[in-house]
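Fair warning: this is a prediction, and the values are worked out from it, not measured in the lab.
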Amino acid sequence: MSNITAALIGGLFDQNGVSAYARPVLFGTAGDAVKGLLPAAVDACFFVHDGREDAPAGAESIALAEEGRFAALRALPECAQVLVIAAPLALTEPDALTHLTETHTVTGFGVSVLTAGRQGFDEDGQPIPRDERCLAAIFTYDALQRALQSGADTLDRLVGAAVEAGAQKGVSVTDEIVEIRDGASAYLAQLLLVQRVNFTLIEKGVQLFDPAGTYIAPDADIAPGAVILPGCHIRPGCKVGAGAVIGPHSILDKAVIGAGTTVNHSQVYESTVGDNATVGPFAYIRPQCVVGDGCRVGDFVELKKSTIGNGTKVSHLTYIGDATVGERVNFGCGTVVVNYDGYTKSQTVIGDDCFIGCNTNLVAPVTLGDRVFTAAGTTVTRNVPDGALAVARARQSTLEGWNDKRRRAHGQDNG
């Protein structure tokens, strides 16, 4: 039997049919934001909803009952306590629900509610909330089942029914609760979440130059000593090492960035960049790339599904796709790995210590051994052995005076 079960109550839609739990909030949804607030002691989570809204990740579905939004709670499996969330919400204190459940468990009350602020105390010493509307409450399983017999259609009335049935009521106070019902309230909730995430990182030792203009997912793992410059979006699933400098205006998405690495005005998706590397400005690392330690991925470079060895430099205006590149390779400006023929994407392999001249085309599938040198302007279509020079271009012809004659024919002065 579960100790604490959480029940998120859906069925809230605006006039356009948008679910409150589906509202975007900082790289996720309002439902995701609520799940992130649930206490660690919650060992089961259910979402009560209809077919128009999806359950947040990790929550089990319970269909809304025709009798009302809360009637389906009768179908919850037996447990010790039930934490009921009546609407998606954001909290200034991320541990407010934890404090609510801990206090409720210790006191042994039948029901306890979370309220924002207080305007005094009643004769029993309980806080009188500023806002009587209840969005979160925890019940003993038995108290909840008795209260559900009343047919209450709001959480306030459900709490009142539990008290009328004999449950003692507790109150836990937090600073502010933002109910998420529409776009405006979702934005206010995001402001709270951004502030909470960013100032938690600052306290941890991460330097944020502009906390109000930097957006970091709650699950991002950023080491102390990292620097996050203005305008960055660090989305879910990211990890940033100590001493790394991200930004300004960079996007990371499921990216792992090594210690001491800089990512300047660039985007990295579902890829890993090693230690002491430099990325950007204006680089684009697409999914399934692995960039080694000490690498340089410069301006207007695009990588796709490629592995780049330690110490390799791809400085500018280069595309590398579906390739395995060795260590200490130097790519000249304008190099293209030609990986796609319109039907098939093929692999390119480049060994260690190669020098790829400017405007080289590597037409896959092709393999270059170690220490290969390609002359500028070369198009490589066949494998090149270790230590070789590859030259594939027409021999230069010079016709002296040709352009002067052409200019005169068009009435232009050659002076």
Side-chain angles (χ1 to χ4, degrees), residues 229 231-235 237-240 244-258 261-352 354-368 372 374 376-381:
L229 298 175
C232 289
H233 290 204
I234 300 179
R235 296 174 178 168
C238 290
K239 183 175 182 179
V240 178
V245 179
I246 309 301
H249 305 293
S250 292
I251 297 175
L252 306 181
D253 188 352
K254 297 183 180 66
V256 177
I257 308 299
T261 288
T262 64
V263 181
N264 174 16
H265 275 88
S266 296
Q267 302 184 13
V268 183
Y269 296 89
E270 300 176 32
S271 294
T272 297
V273 181
D275 298 340
N276 302 308
T278 60
V279 176
F282 313 117
Y284 179 27
I285 300 180
R286 293 164 56 185
Q288 299 184 52
C289 289
V290 177
V291 178
D293 298 338
C295 288
R296 164 74 173 150
V297 180
D299 53 293
F300 305 104
V301 170
E302 180 176 344
L303 306 181
K304 176 256 181 185
K305 206 172 182 179
S306 294
T307 298
I308 310 297
N310 296 337
T312 286
K313 293 178 172 55
V314 192
S315 293
H316 37 214
L317 296 165
T318 291
Y319 170 73
I320 300 175
D322 298 294
T324 300
V325 179
E327 299 185 352
R328 301 174 301 280
V329 175
N330 187 88
F331 282 82
C333 175
T335 296
V336 175
V337 173
V338 186
N339 62 319
Y340 184 49
D341 64 4
Y343 299 95
T344 303
K345 294 182 179 178
S346 301
Q347 297 291 315
T348 294
V349 178
I350 301 172
D352 297 337
C354 291
F355 186 97
I356 310 301
C358 292
N359 296 315
T360 293
N361 295 310
L362 302 172
V363 182
V366 70
T367 297
L368 278 62
V372 165
T374 69
T378 290
T379 295
V380 179
T381 58

Quiz item: Does the S250 side chain pair with the main chain of S266, one donor and one acceptor, at a distance under 3.5 Å?
Solution: yes
Quiz prompt | Heavy-atom pair of closest approach, residues G351 and V329 | solution = O-CG2, 3.2 Å
Practice problem: May I ask you to decide if G274's main-chain N or O and T261's side chain share a donor-acceptor pair within less than 3.5 Å? | Solution: yes
Exercise. Using the ring pair (Phe, Tyr, Trp, His ring centres under 6.0 Å) rule, collect all pairs that involve residues 310-335, keeping only residues at least two apart or in two chains.
Key: none
Practice problem: Can you run down the salt bridge (charged side-chain N to carboxylate O under 4.0 Å, His left out) pairs that involve residues 269-284, sequence neighbours left out, and say none if there aren't any? | Solution: none
Quiz item: Taking side chain as C-beta onward, heavy atoms only, is V263 less than 4.5 Å from V273?
Solution: no
Quiz item: side chain to side chain contact (heavy atoms under 4.5 Å, CB included) with V366: which of V380, T381, V338?
Solution: V380
Self-check item: Minimum-distance pair of heavy atoms, taken over all atoms of T318 and G334
Solution: OG1-N, 3.8 Å
Self-check item: Residues that H249 engages under ring pair (Phe, Tyr, Trp, His ring centres under 6.0 Å), provided they are two or more places apart
Solution: H265
Quiz item: Of the non-hydrogen atoms in R296 and T278, which two are nearest, and what is the gap between them?
Solution: CD-OG1, 3.0 Å
Check residues 280-289 and write down every donor-acceptor pair under 3.5 Å in which the side-chain atom is one partner and the other belongs to a residue at least two apart or another chain.
unit_1	atom_1	unit_2	atom_2	d
R286	NH1	E302	OE2	2.7

Quiz item: Hey, does the side chain of T335 reach the backbone of G332 with a donor-acceptor pair shorter than 3.5 angstrom?
Solution: yes
Quiz item: Roughly how far, to the nearest 0.5 Å, is the OG1 atom of T272 from the CD1 atom of I257?
Solution: 8.0 Å
Quiz item: Quick one: NZ on K313 to SG on C295, what's the gap to the nearest 0.5 Å?
Solution: 8.0 Å
In a table with atom names and distances, give each donor-acceptor pair under 3.5 Å that connects a side chain of residues 340-350 to protein atoms at least two apart or in another chain.
unit_1	atom_1	unit_2	atom_2	d
Y340	OH	G342	O	3.0
D341	OD1	Y343	N	2.8
D341	OD1	T344	N	2.7

Side-chain donor-acceptor contacts of residues 304-311 below 3.5 Å, not counting sequence neighbours, with atom names and distances?
unit_1	atom_1	unit_2	atom_2	d
K304	NZ	D322	OD1	3.0
K304	NZ	D322	OD2	2.7
S306	OG	K304	O	2.9
S306	OG	D322	N	3.2
S306	OG	A323	N	3.1
N310	OD1	D293	N	2.8

Quiz item: Looking at residues at least two apart in the chain, or sitting in another chain, which of them share a side chain to side chain contact (heavy atoms under 4.5 Å, CB included) with L229?
Solution: F209, V227, V245, P248
Quiz prompt | Residues that E327 engages under side-chain hydrogen bond (donor to acceptor under 3.5 Å, both in side chains), provided they are two or more places apart | solution = none
Quiz prompt | Results of salt bridge (charged side-chain N to carboxylate O under 4.0 Å, His left out) for R235 - residues two or more places apart only | solution = D253
Exercise. Output every pair passing side chain to side chain donor-acceptor pair (under 3.5 Å) with a member in residues 359-368, not counting sequence neighbours, ordered by first then second residue.
Key: T360-T374, N361-T379
Quiz prompt | K239 side, atom NZ; L252 side, atom CG - distance, nearest 0.5 Å | solution = 14.0 Å
